[in-house]
Amino acid sequence: MEFNDVKDVAVYGTDCIVDVRRGNTAQAEIVSAKEKYFDVKLDNGTLTVTQKSRNLFSRIIMPHIELKLILPQTFRGKLRLRNKNGGLYLQGGEFGSVELSTKNGKYDVSDLSCDKLAIKMSNGNITVKKVNVATGASIKCSNGSVRVESVTTPELGVSCANATLTVIDVNAKKLDCCTSNGAIDASGIGADELRLETSNGRIIAAPIGERDEYKLTAETSNGKLTVDGAEYKKLADVARLTKRLSAKTANGDIDIRFV
């Protein structure tokens, strides 16, 4: 199925796996052997794809339905996904805003730029890599790990529960990372304000810059606190500095090394 003049895309699924790519044509195209399972309409520039309900037998023999969407290189609109069980593979291109929500699945987002990014997941994993966000990004996950790599944005909030949280090579004015029952690895971070908080897990941080550029607050219970190889019981700088770093955990070590 091919569609002209698509300005925005909305996908509403129950148990679908969506693959969004860029093509070399001026049209948006749905390529799927299971097109009969979707209602598709184009109204005032918005392409809406809604998965039809299926009977029990169909869900047993085919737990997930795959949907492949090819967007033209010129597409700059919004992308919205609301899914109950499934995932999304999103690679390449520019978008207005990207809003994704699902559970019991996986998100793999890479090589794109957008105005705004909002991702929610439960019982699944999230990977975001090589992404530029103009205004700000929010990534939330419960019962699943989050990995964010090579992301640039003014503000980034990353949170998960009962899993590890990894942020690598992130540039942001404000970066907030929070998890529980899991470790935090924040390496190569360029941020004016950085908060790292977990429980029952360690924190490893490698912020970019010198120690005396940061107002540092750090504490842990039942663990070691180390900054550039020196061990402390607790840190609470009072100096007025342009950058701030806060690290807190329970039942875990904190190791901060400035790079």
Side-chain angles (χ1 to χ4, degrees), residues 15 17 81-89 99-110 117-129 131 133 136-151 153 155-170 172 174-189 191 193-207 214 216-228 231-236 244-259:
D15 49 20
I17 297 175
L81 171 68
R82 294 288 184 271
N83 202 10
K84 293 183 178 180
N85 296 283
L88 174 74
Y89 295 89
E99 300 178 15
L100 314 174
S101 178
T102 193
K103 63 181 180 180
N104 303 320
K106 178 182 179 181
Y107 282 134
D108 193 339
V109 178
S110 62
L117 177 65
I119 298 178
K120 291 182 180 181
M121 166 71 78
S122 60
N123 304 318
N125 300 323
I126 298 174
T127 301
V128 177
K129 186 176 182 180
V131 173
V133 186
S138 173
I139 301 172
K140 299 179 180 181
C141 184
S142 61
N143 301 317
S145 63
V146 178
R147 182 180 180 88
V148 179
E149 184 175 351
S150 300
V151 171
T153 184
E155 293 190 11
L156 173 60
V158 186
S159 64
C160 64
N162 305 316
T164 59
L165 191 161
T166 303
V167 288
I168 300 174
D169 295 331
V170 171
K174 183 178 180 179
L175 175 58
D176 193 302
C177 300
C178 180
T179 186
S180 60
N181 302 316
I184 295 178
D185 184 353
S187 302
I189 305 301
E193 186 174 345
L194 173 61
R195 185 178 79 95
L196 309 171
E197 186 169 333
T198 186
S199 59
N200 303 316
R202 68 179 183 177
I203 295 175
I204 298 176
Y214 290 82
L216 181 60
T217 304
E219 64 176 305
T220 180
S221 59
N222 302 317
K224 294 181 180 180
L225 169 58
T226 306
V227 179
D228 284 340
E231 192 169 323
Y232 300 84
K233 289 185 177 180
K234 184 178 179 180
L235 276 172
R244 298 172 182 269
L245 192 162
S246 173
K248 184 178 181 180
T249 186
N251 303 316
D253 296 339
I254 297 177
D255 188 354
I256 301 171
R257 297 181 184 271
F258 292 90
V259 296

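All heavy atoms count here, side chains included; hydrogens, waters and symmetry mates do not.
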Using the test salt bridge (Lys or Arg N to Asp or Glu O under 4.0 Å), find all partners of D15 that sit at least two apart in sequence or belong to another chain.
-> R54
Applying salt bridge (Lys or Arg N to Asp or Glu O under 4.0 Å), name anything that partners R195, two or more places apart in sequence or on another chain.
-> D176, E197
Say you draw a straight line from [atom1] of [X] to [atom2] of [Y]; how long is it, rounded to the nearest 0.5 Å?
X: L100; Y: I119; atom1: CG; atom2: CD1; value: 5.0 Å
X: T220; Y: L235; atom1: OG1; atom2: CG; value: 12.0 Å
X: K234; Y: E219; atom1: NZ; atom2: CD; value: 4.5 Å
X: K120; Y: E99; atom1: NZ; atom2: CD; value: 9.5 Å
X: S246; Y: L196; atom1: OG; atom2: CG; value: 7.5 Å
X: L117; Y: S138; atom1: CG; atom2: OG; value: 8.0 Å

State, to 0.1 Å, how close [X] and [Y] come at their nearest heavy-atom pair, and which atoms those are.
X: A218; Y: L225; answer: O-CD2, 3.6 Å
X: M121; Y: K106; answer: CE-N, 3.4 Å
X: T198; Y: G182; answer: OG1-O, 2.7 Å
X: S110; Y: V131; answer: CA-CG2, 4.4 Å
X: C177; Y: I184; answer: O-CD1, 3.9 Å
X: S145; Y: A163; answer: N-CB, 3.5 Å

In the structure I gave you, are the side-chain heavy atoms of [X] and [Y] within less than 4.5 Å of one another anywhere?
X: L156; Y: V158; answer: yes
X: L88; Y: N83; answer: no
X: V146; Y: T179; answer: no
X: I189; Y: L194; answer: yes

Please output the side-chain donor-acceptor pairs of residues 199-206 that fall under 3.5 Å, not counting sequence neighbours, one pair per line with the distance.
unit_1 : atom_1 : unit_2 : atom_2 : d
N200   : OD1    : N251   : ND2    : 2.8
N200   : ND2    : N181   : OD1    : 2.8

Sequence neighbours excluded, every pair satisfying salt bridge (charged side-chain N to carboxylate O under 4.0 Å, His left out) that has a member inside residues 138-149 | R147-E149
Which pairs, with at least one residue in residues 245-255 and sequence neighbours excluded, count as a salt bridge (charged side-chain N to carboxylate O under 4.0 Å, His left out)?
-> D255-R257
How far apart are the C-alpha atoms of N125 and T127, what are their side-chain angles, what is the distance that settles it, and do they pass the side-chain hydrogen bond (donor to acceptor under 3.5 Å, both in side chains) test?
-> CA-CA 7 Å; N125 300 323; T127 301; over 6 Å; no
Does D228 use its side chain to pair, donor to acceptor, with the backbone of F258 at less than 3.5 Å?
-> yes
Between T102 and K84, is a side-chain contact (heavy atoms from CB on, under 4.5 Å) present by the stated rule, with each step listed?
-> CA-CA 5 Å; T102 193; K84 293 183 178 180; over 6 Å; no
Take I256 and L245 through the test side-chain contact (heavy atoms from CB on, under 4.5 Å) and record every step on the way to the result.
-> CA-CA 10 Å; I256 301 171; L245 192 162; 4.0 Å; yes
Should the heavy atoms of other residues, nucleotides or ligands under 6.0 Å from OH of Y89 be counted, would the total exceed 12?
-> no
Atom CZ of R244: over 12 foreign heavy atoms under 6.0 Å = no
Partner set under ring pair (Phe, Tyr, Trp, His ring centres under 6.0 Å) for Y107, not counting sequence neighbours | none
